[in-house]
Amino acid sequence: MKTSITALCTTIVSSIPKLSLSSLIVLAFPGICLAQVKNVEITQTETSNTNEKVTVRVKATQDGDRPALDLTEDNFRLTVDGEPLEFNPNDWKSPEESIPPPAWIVVLLDMSGSMNALDSTGVSRLQGAIEAVREFNNQAAKRGGNTQVAIVPFGEPGANCQGYPMNDTTIDSFFPAGDFKLDNYLDFLANSSPCASTNLYEPLGQTIRFLTNSEDPRFAVPENTNDPQPRLAVILLSDGYHNAPNEQADFDRLLKQLQRADGVTVHTLGYGLTATQLGQKYKLGRPATKGDINAGKVPEDEFVDEKRLQEIAKSTGGISEFSGRADDIANSLNLFLNSLLGEYEISYEQPDAERGSRHTVQVEVVDSPNAKPVLSQTKEYIMPAFGRSVPLAIRVWMVVITLIILGLGGILPFYFWGQHLKQEAMDG
């Protein structure tokens with residue numbers, strides 16, 4: 001069915017010059033070629049200390065938690081304190097225009113021996129992964145804001161291989177996106193020879209524990225401050241599977257940890273052939289499984305645990321991607337970046353703003369004329385204690401009146417008193 005829809009979309013797009021009016025109407029029918037918005041979330045509200053301006057940041061996603069990035073201001077509706085509120089189109093910003101929220105992103109890079117293998121384009125997986133991470137770093141820098149990136153290789157030591165052990169020090173290697181130190185480190189990794197074995201779960205678990213440290217003010221912003229809560233994310237890039245003997249127990253323990261890690265999103269990226277593609281390559285007549293490795297039907301260094309990577313991402317609301325091509329790996333990392341930082345921004349004047357008053361806002365998205373509206377949660381916010389600013393004209397009149405009062409009540413009495421003393425001196 002999916003193939004048929006794709007073919008239909010391709011046919012329609014290639015035939016646009018020949019389309020009649022009725023065909024254009026069919027093309028506009030929702031759900032055929034354009035994915036619809038499934039979820040809308042207000043991630044943050046900001047209030048100004050100098051005026052009645054309120055800014056909301058909104059995240060819209062489609063199936064699979066993929067970001068919806070092609071919406072316009074006409075797709076959004078605001079409800080403030082239960083009443084519809086119009087906003088100025090100039091106060092709406094797309095994800096490309098808005099300054100992204102602060103973010104701390106850890107890229108876990110598999111350095112197992114299988115990363116030396118060539119991908120379907122003839123590039124080594126290590127080189128393909130490193131160039132993709134480099135592009136990810138550059139794109140994050142172009143967005144601006146405060147995005148911190150740590151590149152952390154991982155891999156179990158083995159015979160004649162020291163591996164890439166992890167601890168809090170190796171994880172805490174953050175630099176601002178675009179920093180030359182990140183590029184230098186990628187160059188260093190590109191010149192290395194991966195030889196470790198794959199342990200997927202322990203490195204991810206260590207990273208989750210590090211990012212969920214409630215004592216670290218970088219990741220857990222105190223509630224009594226106006227600083228926004230940063231985005232916390234892990235990108236797990238691997239071309240293998242967890243090959244420990246107690247894999248199921250290890251995975252169950254990791255899954256519980258992920259489910260408790262509120263505020264941390266894990267995106268997973270499998271680099272290699274899918275189970276179906278492996279089954280076709282080795283003529284199994286079915287998708288490959290880990291059992292085929294022990295049976296000698298599939299080489300160990302070609303099997304990537306697609307199922308586990310999907311389960312890991314799903315447990316945190318992340319995205320799971322899979323590909324055997326270097327350029328697709330780069331595109332997937334860009335998708336992760338859009339999911340982490342791609343948010344719409346809407347500003348509006350708060351009606352009847354009073355200092356310390358509580359208000360609520362809700363966002364509605366309708367992505368096509370016949371689509372069902374998608375509502376966000378209702379978000380509460382408080383106007384600053386400083387209250388609304390006084391208009392310039394009133395402030396000018398206040399200054400003038402103050403000067404008049406000071407003149408009549410202070411300067412003039414001293415002037416007349418001085419004149420009186422002067423007159424007395426002359427009379428005497």
Side-chain angles (χ1 to χ4, degrees), residues 35 37-41 43-44 57-69 95 100-110 129 132-133 135-137 139-140 143 147-152 154 171 177 198 200-212 219 229-242 250-272 274 304-323 328-343:
V37 172
K38 300 297 183 183
N39 185 62
V40 178
E41 177 188 2
T43 60
Q44 185 180 331
R57 299 185 66 90
V58 183
K59 184 176 182 180
T61 54
Q62 302 168 342
D63 283 331
D65 291 312
R66 283 163 169 72
L69 301 175
W104 299 83
I105 304 173
V106 178
V107 180
L108 292 178
L109 181 60
D110 190 343
V133 174
E135 177 63 18
F136 171 87
N137 177 42
Q139 290 299 323
R143 287 176 175 264
T147 301
Q148 301 286 326
V149 178
I151 300 169
V152 184
F154 69 92
I171 298 172
T198 304
L200 284 182
Y201 304 156
E202 182 57 28
L204 180 56
Q206 287 181 320
T207 306
I208 294 297
R209 283 193 294 272
F210 180 80
L211 290 177
T212 53
F219 313 136
Q229 189 67 32
R231 305 292 185 266
L232 306 177
V234 183
I235 296 175
L236 175 62
L237 195 162
S238 176
D239 74 334
Y241 66 99
H242 188 77
D250 289 347
F251 179 74
D252 291 341
R253 185 164 51 251
L254 173 66
L255 197 58
K256 290 180 181 178
Q257 184 181 4
L258 292 173
Q259 292 169 345
R260 294 193 303 267
D262 291 336
V264 180
T265 303
V266 180
H267 299 298
T268 59
L269 182 51
Y271 198 166
T274 66
V304 188
D305 202 337
E306 182 180 8
K307 181 175 181 290
R308 287 300 196 217
L309 292 177
Q310 290 174 344
E311 291 173 323
I312 289 171
K314 184 178 180 180
S315 68
T316 65
I319 301 171
S320 182
E321 289 285 288
F322 203 99
S323 180
D328 288 342
I329 295 297
N331 291 335
S332 295
L333 287 178
N334 192 49
L335 173 66
F336 296 164
L337 184 65
N338 284 328
S339 175
L340 291 169
L341 305 181
E343 296 178 355

Mind checking the CD-CG spacing from Glu135 to Asn334? Nearest 0.5 Å is all I need.
-> 7.5 Å
Mind checking the CG-OG spacing from Leu108 to Ser238? Nearest 0.5 Å is all I need.
-> 10.0 Å
Close side-chain approach of Thr268 and Gln310, heavy atoms under 4.5 Å | no
Side chain to side chain contact (heavy atoms under 4.5 Å, CB included) assessment of Leu258 paired with Ile312 = CA-CA 8 Å; Leu258 292 173; Ile312 289 171; 3.9 Å; yes
Minimal heavy-atom distance between Ala233 and Leu211, with the atoms involved, is O-CD1, 4.1 Å
Looking only at heavy atoms, which two atoms of Arg209 and Glu202 are closest? And how far apart?
-> NH2-OE2, 3.2 Å
Between CG on residue Asp63 and CG on residue Asn39, distance to nearest 0.5 Å = 11.0 Å
Sorted by chain and residue number, the salt bridge (Lys or Arg N to Asp or Glu O under 4.0 Å) partners of Arg143 (sequence neighbours excluded) come out as none
Could you tell me the separation between the CG atom of Asn338 and the CG atom of Leu333, rounded to the nearest 0.5 Å?
-> 11.5 Å
May I ask you to decide if Thr265's main-chain N or O and Thr316's side chain share a donor-acceptor pair within less than 3.5 Å?
-> no
Residues in salt bridge (Lys or Arg N to Asp or Glu O under 4.0 Å) with Asp110, at least two apart?
-> none
Chi angles and distances behind the side chain to side chain contact (heavy atoms under 4.5 Å, CB included) call for Val40, Lys59 | CA-CA 6 Å; Val40 178; Lys59 184 176 182 180; over 6 Å; no
Does Ile329 reach the side chain of Leu237, with side-chain heavy atoms less than 4.5 Å apart?
-> yes
Within 45° of the six-membered ring axis of Phe251 and under 6.0 Å from that ring's centre, is NZ or CZ of Arg308 located there?
-> yes
Ion pair Glu41/Arg57, N-O distance below 4.0 Å | no
To the nearest 0.5 Å, how far apart are CD1 in Ile235 and CD in Glu321?
-> 11.5 Å
What are the two closest heavy atoms between Ala129 and Leu109, and how far apart are they?
-> CB-CD1, 3.9 Å
In terms of heavy-atom contacts, Ala140 and Leu337 come closest through N-CD2, 3.6 Å
Over all heavy atoms of both residues, which pair between Val37 and Ala60 is shortest? Give the atoms and the distance, please.
-> CG1-CB, 4.3 Å
Specify the closest pair of heavy atoms between Thr212 and Val264, including all atoms of both residues, with the distance to one decimal.
-> CG2-CG2, 3.8 Å
Check Leu204, Leu236, Thr207 against Phe154 for a side chain to side chain contact (heavy atoms under 4.5 Å, CB included) and give me the one that passes.
-> Leu236
Where the side chain of His242 meets the backbone of Leu200, is there a donor-acceptor pair that is under 3.5 Å apart?
-> yes
Would you say the side-chain atoms of Thr43 and Glu343 include a donor-acceptor pair closer than 3.5 Å?
-> yes
Quick one: does Gln257's side chain have a donor or acceptor within less than 3.5 Å of a partner on Gly205's backbone?
-> yes
Quickly, which of Ile208, Leu232, Leu309 forms a side chain to side chain contact (heavy atoms under 4.5 Å, CB included) with Val266? Name it, please.
-> Ile208
From the list Ser339, Pro102, Pro101, Pro100, side chain to side chain contact (heavy atoms under 4.5 Å, CB included) partner of Arg231 resolves to Pro101
Run the numbers on Phe336 and Phe136 for ring-ring contact (aromatic ring centres under 6.0 Å, His included), then give the verdict.
-> CA-CA 9 Å; Phe336 296 164; Phe136 171 87; 8.2 Å; no
For residues Phe322 and Tyr271, establish whether the separation of their ring centroids is below 6.0 Å.
-> no
Euclidean distance, Leu341 CG relative to Ile105 CD1, rounded to 0.5 Å | 5.5 Å
For His267 and Ile319, indicate whether the former's side chain and the latter's backbone hold a donor-acceptor pair under 3.5 Å.
-> yes
